[in-house]
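Just below is one structure, and these are the notes that go with it.
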Amino acid sequence: MSNEKRKLLVTSALPYANGPIHLGHLVEYLQTEIWCRFQRLMGNTCVYVCADDAHGTPIMLRARQEGLEPQELIDEVWKNHTRDFSDFLIEFDSYYTTHSPENRKFAESIYQELKKNGHISKKTIRQAYDEEAEMFLPDRFIKGTCPICRAEDQYGDACESCGTTYTPSDLIDPVSVVSGKAPAERDSEHHFFKLADFEEMLKEWTRGDKMQPEIGNKLQEWFDAGLKDWDISRDAPYWGFEIPGAQGKFFYVWMDAPIGYMASYQKYCEKQGLNFDEAWKKDSEWELYHFIGKDIAYFHTLFWPAMLAGSGYRTPTAVFAHGFLTVGGQKMSKSRGTFIKARTWLDHLNPEFLRYYFTAKLGPGVDDINLNLEDFVFRVNSDLVGKFVNIASRCAGFLRKKFDNTLSNELDNPALYEEFLEEGKKIAACYENREFSRAMRTIMGLADKANQYIDEEKPWVLVKDEATQDKAHWVCSQGINLFRVLITYLKPVLPDTARRSEEFLKIAPLQWDSVLTPLKGHEINVFEPLMNRVDDSQVEAMVEASRENTR
RNA sequence: CGCGGGGUGGAGCAGUCUGGUAGCUCGUUGGGCUCAUAACCCAAAGGUCGGGGGUUCGAAUCCCCCCCCCGCAACCA
């Protein structure tokens, strides 16, 4: 890694503004923001932006159903989302909404730029129409019986039972989800983005280090099938931005959603007095990273870079996809109490414990990660309390009782300290490459070493004999210094514990390089427990609450 | 049906690219310590690496077939 300080703009995918944040969402926000915290700890400039994805048919219908204006619904959801994130110690530099004046401006200008450059076409298509609700119906808003396997209650685009794909008109007894009536069909003129104009650029782009190879492999399918025009318009009634010069036509939610990254950053720039173009112009020196779920890879790796390229902006440096969350090895389920909302977790359990648990399981790939609640309890208690905090806990008592809470002027074992620093280089590389689980394993290996060291030196014996008092002082001071190194390595994951550890140690906020110099002859505060163990009953209460509040 | 990813002791994972007697943590069992939040240290038991076939002196690792799980399939987002 070079000493040159980097400038990074990082995003997480926009959560949809029709429901609360749940544990599945948090995999992504935690992965992203821990990566950002690491970058800042290294001294890099790292701006983390996100927003609510506030447009589309489901939000329009949901608002209608609840007797609200869409604006009222998305305002309410925005408040809940930001509170949940904040309580999970997820700090955005900007958390905005796609229903903003900035986003309208960018969506319109990008559209017009694409149009000017000949990348927009118009075509009339035939589409399902609900005559009672007076609206066109997306495939997902039509249900019926699968024509192949006869499974009932299937969506209009594919059968979940047999996996067949078809169009809504193939369904047996199709009905509109909105009105319950059989849908009719109508013609409508739509605006399309000519994705194929960017085939060469995208083929080039999807190779190399822009994304994980497994995502690149998947994208090959799109090229093999031939890139088609992408329908970016929707007919009124639609909750979104009206297309300039096309009355009754609105931008499809997936057109303006990624543009929301730009709008959110624009908002940040206004607040901070920064120059937006510096990060977004073609050939910008800023690095731009998108963290996303594996389900939306093609939006971010095909449509989005093509839109950017076609309208004169820079393209992303890389797109990082992660897997999904399972609970107990299965998809989250409301009836099993495993559909866990962020708020429900916060009502019962420490957010840092989830931060640690996810981090301990996240790798650089797209594999799903599994939350096993039994494993969770053992894991956080053993790693965080038993191994890590224990190091400070077992040394602090001697320092307080015998040595005026002041660290010795010498380390007992400089070689061991040096070894911790050496491992830090590997840990930093793991964070950088999103090999979080490997980083945590390495850190806990060091915690084991620290405990073994204290066990071998036996300060509780040394302290009893006048002749070995100094040695006891050095050993305990060494222990506290090793603890200080470890909390530095854990700081991206456990920001609150890090803050309290800094108070305990009476030191300024730690940076990654702070630990190059050990603390010597330094007074510390009286040790207070930094974390409390989780109890099974808390987890049970949380699961029970999840069952109840989803009924 | 197609495409991509995955299946490793009871649990959670590493190892697979670059074949060479299966490794880590938790849990369990036995011992030790008593400074520490019943924390910590030492040791042991426990796996035919989803199934079958093949290549090889040798396969978790390479090839083929099958089963199961997750995702995608351009109008849910």
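A note on names: the letters A, B, ... follow the listed sequences, proteins ahead of strands, and every chain is numbered from 1. From a predicted model like this one, the values you see are computed outputs, not experimental measurements.
- For B:rC42, the OP1/OP2 oxygens have a side-chain nitrogen or oxygen of A:Gln452 closer than 4.0 Å.
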With pairs defined as Watson-Crick or G-U wobble and both distances under 3.5 angstrom, please note down RNA chain B as a dot-bracket string, | for pairing with another strand.
.(((((((.[[[[.)....(..]]]].(((((.......))))).....[[[[[..)....]]]]])))))).....
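- Taking only side-chain nitrogens and oxygens, A:Tyr252 never comes nearer than 4.0 Å to OP1 or OP2 of B:rA74.
- With A:Tyr356 as reference, A:Asp383 is the one residue of A:Thr497, A:Asn350, A:Asp383 to meet the side chain to side chain donor-acceptor pair (under 3.5 Å) rule.
- Of the charged side-chain nitrogens involved, none lies within less than 4.0 Å of a carboxylate oxygen, so that A:Lys194 and A:Asp229 do not count as a salt-bridged pair.
- Of the candidates B:rC40, B:rC13, B:rU37, B:rU37 carries the atom nearest the A:Val389 side chain, counting heavy atoms from C-beta on.
- Nearest to the side chain of A:Asp448, among B:rU25, B:rA74, B:rC75, sits B:rU25.
- Counting only heavy atoms from C-beta on, A:Tyr16 has its side chain closest to B:rA77 among B:rA77, B:rG12, B:rC75.
- Contact annotation: side chain of A:Lys218 to base of B:rC3, donor-acceptor pair present below 3.5 Å.
- The side chain of A:Ser393 lies closest to B:rU37, out of B:rA11, B:rU37, B:rC72.
- Comparing B:rG4, B:rA39, B:rC75 by their nearest atom to the side chain of A:Asn390 picks out B:rA39.
- Not one side-chain nitrogen or oxygen of A:Lys294 sits closer than 4.0 Å to the OP1 or OP2 atom of B:rG6.
- For the pair A:Lys361 and A:Phe436, the NZ or CZ position fails the cation-pi test of under 6.0 Å to the six-membered ring centre and within 45 degrees of the ring normal.
- Taking the side chain of A:Asp139 as heavy atoms from C-beta on, and the options B:rG12, B:rC75, B:rC40, the nearest nucleotide is B:rC75.
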